[in-house]
Participant: 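Here it is, the structure, as structure tokens.
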Amino acid sequence: MNESAATIFRAPIGTHDVLDPESSAWEGMIATFAQFAYRYGFGLVLTPIFEDVGVFNRGIGENSEVAKKEMYVFEDRAQRRYALRPEGTASVVRAFLQHQPTTPWKAWYFTPAFRYERPQAGRYRQHHQLGVEVLGTDDPAIDVEVITLASRFYCALGLKQVRLLINSMGHDVCRGAYVEVLRDHLSANVEQLCDEHRKVWSENALRVLDCKKDACVEVTTRGPMLPDHLCVDCREHFARVREGLDSLGVESILTPRLVRGFDYYTRTTFEFVADSLTGAQNSIGGGGRYDRLAEQLGGDATSGIGFGSGVERVLLACEAEGVSPSSLIKRSLDLFVVDTTGEDVATKLVDELRGAGFATQRAYDGRSMKAQMKVADRSGARLALLVGPSERASDEVTIRDLRSEDFEHAQQRVRRGDIVNAVALLLTK
RNA sequence: GUGGGCGUAGCUCAGUUGGUUAGAGCGCCAGGUUGUGGUCCUGGAGGUCGCGGGUUCGACCCCCGUCGCUCACCCCA
């Protein structure tokens, strides 16, 4: 687009407007998640969508791909350095440290997240996440609870082709020891790695585990696996998480090569993959434990675990499986007021009906009865209330059933004063 | 950051080897029915063919650039 005066503005690259019929799927999904969060004892947390850039740099790791080149960083007028949040967890932990709520603290959120990258299917510069965080306990039971919440949530949406991958990253010491063993193995097999990792394997050995190329997969498959190198405590913790999930019938797939993108993860990590989605964007949610994050953000050592899910991707998965979260909320119009008196009787009438609790719409611009009825029909309203000169004169209202197939006998006139009761009666039928 | 595909009405798309006034379906508006919606019929509004430049007697069509959309790589939700 050029900058001529006739050119209208568009949503920025990688962002999208979501309008009504489509947004009802969002409403259904968010409402369902909120319901789950409530059932599991989580309270809603709201934090600013921008933070001091350090919150994210120190949180997700300065060397992570996201922090290095995908953050929306900007300066305000007083030269403070801020960044739009690229993910949900770091902000919530920052808020936890700032306010020191009693633990264990269980919070859920719905938030936009921003990453500066080239958009494609299932990947946007602004996407949205639904998630939960728990701070102040490392009880394996809470790992089980968080993962179960996520799993049951997907199930409630009607998704069936979702797999849960799980792994344990161990804690600093045992992971550090494992990375050494892994590096030894990689260094002994450098020549067989893929083109890219042949050069950069030493910078972040764990990333090689995540490589999808056959060459790397072959080398790492023969190599040491993280779960085999955990210390006794981490091994025990992981075992209890897995037993807990098993006991609840939540199927999980041990995936030793599962490595997630942020540096803060320790011990339990997991990811939900939608098999209905093709391509690389099939991860619809994930999370894990981050027992060192609070310290990295300057607070006291505090265990934490969280889960985040990408709204857009879950909706893609729903579409692929032929289910829609919009069906989880009922959103139907009760009444549509048609006014042809030329005196604007509708304004008072709709106010009265809405006050009585009915979802009510009306026509505007004084259009013909035929035109107003057409709009009424398309609105999906159950009943139309007609007020024309005749009703006006006798202080009545005509109630017409828009769902009746019998056009001749679909309506009746009632006294204006009885309208609320009459409508209530008809709507309960 | 790298590469492929695509930009024609509000939406989905036609548009012949470059040749008069750029079309269809859906949607929208009005009428057929001066008080009545789902079907049907008739009519109407709506486009500087993304934008800029070039080639040509002539460009929606060919060439270049640019912006945007889209898909993929990387990485992630």
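In what follows, every chain begins at residue 1, and chains take the letters A, B, ... in the order their sequences are listed.
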Participant: Can you name the side-chain contact (heavy atoms from CB on, under 4.5 Å) partners of A:Glu319, sequence neighbours left out?
Facilitator: none
Participant: For nucleotides 25-32 of chain B, list the nitrogen or oxygen atoms of the protein found under 3.5 Å from its nitrogen or oxygen atoms, one pair per line.
Facilitator:
from  : atom 1 : to       : atom 2 : distance (Å)
B:C28 : OP1    : A:Arg378 : NE     : 3.4
B:C28 : OP1    : A:Arg378 : NH1    : 2.6
B:C29 : OP1    : A:Arg367 : NH1    : 3.2
B:C29 : OP1    : A:Arg367 : NH2    : 2.9
B:A30 : OP2    : A:Arg367 : NH2    : 3.1
B:G32 : N7     : A:Lys370 : NZ     : 3.3
B:G32 : O6     : A:Lys370 : NZ     : 3.3

Participant: What residues form a side-chain hydrogen bond (donor to acceptor under 3.5 Å, both in side chains) with A:Thr302, not counting sequence neighbours?
Facilitator: none
Participant: Using the criterion of both pairing distances under 3.5 Å for Watson-Crick and G-U wobble pairs, give all stems of 3 or more consecutive pairs involving RNA chain B.
Facilitator: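 Listed by first number, the stems are B:1-7 with B:67-73, B:10-13 with B:23-26, B:28-32 with B:40-44, B:50-54 with B:62-66.
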Participant: Identify all pairs in which a protein N or O lies below 3.5 Å from an N or O of nucleotides 2-6 of chain B, and state each distance.
Facilitator:
from : atom 1 : to       : atom 2 : distance (Å)
B:U2 : O4     : A:Arg118 : NH1    : 3.0
B:G3 : O6     : A:Arg118 : NH2    : 3.1

Participant: For A:Asp377, what residues pass the salt bridge (charged side-chain N to carboxylate O under 4.0 Å, His left out) criterion, not counting sequence neighbours?
Facilitator: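 Counting only residues at least two positions away or on another chain, A:Asp377 forms no salt bridge (charged side-chain N to carboxylate O under 4.0 Å, His left out).
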Participant: Who passes side-chain contact (heavy atoms from CB on, under 4.5 Å) against A:His185, sequence neighbours left out?
Facilitator: A:Asn189, A:Val219, A:Arg222, A:Pro224
Participant: In chain order, what residues pass the side-chain hydrogen bond (donor to acceptor under 3.5 Å, both in side chains) check against A:Thr47, with sequence neighbours excluded?
Facilitator: A:Arg85
Participant: Name all pairs fulfilling the ring pair (Phe, Tyr, Trp, His ring centres under 6.0 Å) condition that reach into residues 153-172 of chain A, sequence neighbours left out, sorted by first residue then second.
Facilitator: A:Phe33-A:Phe153, A:Tyr154-A:Phe272
Participant: For residues 48-68 of chain A, pull every pair meeting ring pair (Phe, Tyr, Trp, His ring centres under 6.0 Å), keeping only residues two or more places apart or in separate chains.
Facilitator: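 For residues 48-68 of chain A: A:Phe50-A:Phe74, A:Phe50-A:Tyr82.
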Participant: Under the ring-ring contact (aromatic ring centres under 6.0 Å, His included) test, which residues partner A:Tyr72, sequence neighbours left out?
Facilitator: A:Tyr116
Participant: Distance check: side-chain N/O of A:Gln120 vs OP1/OP2 of B:C71, anything under 4.0 Å?
Facilitator: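 Answer is no, no contact under 4.0 Å.
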Participant: For A:Ser327, which residues count as a side-chain hydrogen bond (donor to acceptor under 3.5 Å, both in side chains) partner, sequence neighbours excluded?
Facilitator: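 With neighbours one apart ignored, the set is empty.
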